[in-house]
Protein chains: 2
Amino acid sequence: MISRKTKYALKALINLAGQPTDEPVLISELARQEQIPRKFLEAILLSLKNVGVLQSKIGKGGGYFLAKEPRNISIGNIVKVLEGGYSPLQCLNDNISPECDECNEPSSCGIRLVMSDVLMAISSVLETTTLADMIERSDNAKRANLKIMDFSI
Amino acid sequence: MISRKTKYALKALINLAGQPTDEPVLISELARQEQIPRKFLEAILLSLKNVGVLQSKIGKGGGYFLAKEPRNISIGNIVKVLEGGYSPLQCLNDNISPECDECNEPSSCGIRLVMSDVLMAISSVLETTTLADMIERSDNAKRANLKIMDFSI
DNA sequence: TATAATATCTATAGATTAAATAGACATTGT
DNA sequence: ACAATGTCTATTTAATCTATAGATATTATA
C-alpha cells in the first residue's frame with residue numbers, strides 16, 4: 001500500500017507537469033490546489049528536488065518546477081524516493097540489505113523466491129510508466145467520460 | 001511491504017505442509033520451531049482457520065493441520081487474509097471501497113489507473129502461486145546449493 | 001468423573017511508523 | 001531595506017503493528 005505521502009507527491013507532479021517550467025509554482029499554491037497540508041508538502045517537494053526531479057527558486061518570485069520532462073520521470077523512481085522502495089520484502093530491497101532478520105538461508109527461502117517474482121512484476125510496471133503516461137491515461141479517461149455524457153444527453 | 005504477521009503465517013504453513021495431516025501440531029511447538037511469539041501465532045492460526053485454510057482440534061492431542069492440499073492454497077489468499085489485501089491503493093481493494101478520500105473522479109484518476117496495472121501484476125503472481133509451488137522452489141534452491149557445495153569440496 | 005492438555009477469546013500494553021504542525025533561518029528580487 | 005519565498009530542525013499527534021496476559025471452552029484419558 002502506497003502512503004499518503006507518495007500520493008501527494010504524484011498529485012503535485014501532475015499539477016506541475018501542467019505548468020510552464022519557466023513559471024515557478026508556490027508551495028502554498030500547490031498545497032491549496034491539491035489540498036495537501038502545506039508543511040507536509042514542503043518536505044515532499046524537497047525530497048523530489050534532492051533527487052533531481054524538481055528544481056526550485058528561492059526568494060521573491062520563486063517556487064517549484066519540473067527539472068525534467070514528464071516522459072523522463074518514471075513513477076517507479078517517485079515511489080522509490082518517497083517510500084524507500086517498493087519491494088514486498090525488506091531483504092529484496094535494492095539498498096544495502098541482503099540480510100533477513102528471521103531467515104538464515106536467503107538463497108533458498110521460499111517466501112523470498114516468491115516475493116522476488118512479485119517485485120519483478122511491480123517493477124516492470126512502475127519503471128516503464130512515466131509521469132507523461134499517467135497524465136495521458138487520465139486525459140484519455142476524462143475524454144471517454146465526456147463522450148459518454150454526450151450520448152446520454 | 002508485507003508484514004511480519006504474514007511472514008509468520010507463511011512460515012507456519014510451510015511447516016504444517018511438511019507434517020502428516022492426521023497429526024495435529026501444537027501451537028506452542030510451531031511457535032518454538034519457527035521462532036514466532038506464541039500468542040501472536042495463535043491469532044494468526046485462528047484467522048487461517050476461520051478462512052478454511054487450516055483445521056484444528058481442541059483438547060488433549062489437539063493442534064493445527066492443513067485443511068487443504070498445499071497445491072490448493074494460493075499465496076495470494078494467505079496475503080489477503082492477513083494483510084487485508086495487496087492492493088497498492090485503498091480505492092482498488094476488492095472489498096467495499098470504490099471510494100477515494102482524496103479523489104472526486106476515480107474513473108479518470110491517473111494514480112488509480114497506473115496502480116491498477118500494478119495490482120494486476122501483483123495479482124497475476126500471487127494468485128497463481130501456491131503453497132506447494134513455494135515449497136518446491138525452496139527445495140530446488142536447497143538442492144542447487146548442496147550441489148555447489150559438492151563441487152567445492 | 002477428575003484432571004491435564006489443548007485451542008479460543010477478550011483485552012491491553014508497548015513499539016514503531018506515518019502524518020501533520022511549528023517556528024527559526026537563508027536566499028533573492030525589487 | 002524589505003517582503004516573499006524556499007530550507008531546515010524539532011516536535012506532536014495519530015495510527016498501526018507487534019507482543020503479551022489471563023480467563024474460558026473443549027476434549028482425551030486415566
Side-chain angles (χ1 to χ4, degrees), chain A residues 1-12 16 22-32 34-51 53-67 79 81-86 88-90 93 101-102, chain B residues 1-12 16 22-32 34-51 53-67 79 81-86 88-90 93 101-102:
Chain A
M1 189 81 77
I2 72 174
S3 66
R4 192 171 295 192
K5 184 156 74 165
T6 299
K7 282 187 268 181
Y8 287 161
L10 292 172
K11 282 186 174 189
L16 290 175
D22 57 351
E23 281 183 26
V25 178
L26 300 189
I27 299 178
S28 51
E29 189 53 20
L30 252 184
R32 192 184 61 75
E34 303 297 337
Q35 309 205 55
I36 301 170
R38 157 120 187 273
K39 282 294 190 177
F40 199 24
L41 181 58
E42 277 185 14
I44 292 167
L45 297 177
L46 211 47
S47 305
L48 291 173
K49 180 197 167 180
N50 290 334
V51 82
V53 170
L54 292 180
Q55 272 188 273
S56 68
K57 216 179 133 188
I58 295 187
K60 202 170 183 178
Y64 275 99
F65 50 99
L66 292 187
V79 175
V81 170
L82 290 144
E83 306 268 314
Y86 43 76
L89 237 38
Q90 188 66 43
N93 240 353
D101 315 347
E102 306 108 357
Chain B
M1 190 83 76
I2 71 174
S3 67
R4 193 171 294 192
K5 184 156 75 166
T6 299
K7 282 187 268 181
Y8 287 161
L10 292 172
K11 282 185 175 189
L16 289 175
D22 57 351
E23 281 183 25
V25 178
L26 300 190
I27 298 177
S28 52
E29 189 53 21
L30 252 183
R32 194 184 59 74
E34 303 297 337
Q35 308 204 56
I36 301 171
R38 157 118 186 272
K39 282 292 188 177
F40 200 24
L41 181 58
E42 274 185 17
I44 292 166
L45 297 177
L46 211 47
S47 305
L48 291 172
K49 180 196 167 182
N50 289 335
V51 80
V53 170
L54 292 180
Q55 272 189 272
S56 68
K57 215 179 136 188
I58 296 189
K60 200 170 184 179
Y64 275 98
F65 50 100
L66 293 186
V79 175
V81 171
L82 290 144
E83 306 269 314
Y86 42 75
L89 237 39
Q90 190 63 44
N93 240 352
D101 315 346
E102 306 108 356

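Proteins get letters first, then strands, A, B, ... in listed order; numbering begins at 1 in each.
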Run L10(A) and K7(A) through side chain to side chain contact (heavy atoms under 4.5 Å, CB included) and show every step you take.
CA-CA 5 Å; L10(A) 292 172; K7(A) 282 187 268 181; 5.6 Å; no
Taking atom [atom2] of [N] as reference, at what distance in whole Å does atom [atom1] of [X] sit?
X      : N       : atom1 : atom2 : value
M1(A)  : dA15(D) : CE    : C1'   : 13 Å
I36(B) : dT20(D) : CD1   : C1'   : 16 Å
E42(B) : dA11(C) : CD    : C1'   : 13 Å
I27(A) : dT27(C) : CD1   : C1'   : 13 Å
E23(B) : dA28(D) : CD    : P     : 16 Å
I44(B) : dC9(C)  : CD1   : P     : 16 Å
Q55(A) : dT7(D)  : CD    : P     : 11 Å
K57(B) : dA7(C)  : NZ    : P     : 11 Å

Is there any protein nitrogen or oxygen under 3.5 Å from a nitrogen or oxygen in nucleotides 18-21 of chain C, and what are the pairs?
| residue | atom | partner | partner atom | Å |
| --- | --- | --- | --- | --- |
| dA19(C) | OP1 | R4(A) | N | 3.1 |
| dA20(C) | OP1 | R4(A) | NH1 | 3.0 |
| dA20(C) | OP2 | Y8(A) | OH | 3.2 |

What does L26(A) touch in the nucleic acid at a heavy-atom separation under 4.0 angstrom: a base, only the sugar-phosphate, or nothing?
sugar-phosphate
Looking only at non-hydrogen atoms, find the nearest pair between [X] and [Y] and report the distance.
X      : Y      : answer
N93(A) : G85(A) : OD1-CA, 4.1 Å
L45(A) : L30(A) : CD1-CD1, 4.1 Å
Q55(B) : A67(B) : CG-CB, 3.7 Å

Ignoring backbone atoms, establish whether K49(A) has a side-chain N or O less than 4.0 Å from OP1 or OP2 of dT7(D).
yes
S56(A) vs dT7(D): side-chain N/O to OP1/OP2 distance below 4.0 Å:
yes
In this structure, which one of I2(B), I44(B), V51(B) forms a side chain to side chain contact (heavy atoms under 4.5 Å, CB included) with L82(B)?
I44(B)
L46(A) side-chain proximity, nearest of dG6(D), dC8(D), dC9(C):
dC8(D)
Nearest 0.5 Å please: distance from the OG1 atom of T6(B) over to the OH atom of Y86(B).
12.5 Å
Taking S3(B)'s backbone N and O only, do any of them form a donor-acceptor pair with E83(B)'s side chain (distance below 3.5 Å, no angle check)?
yes
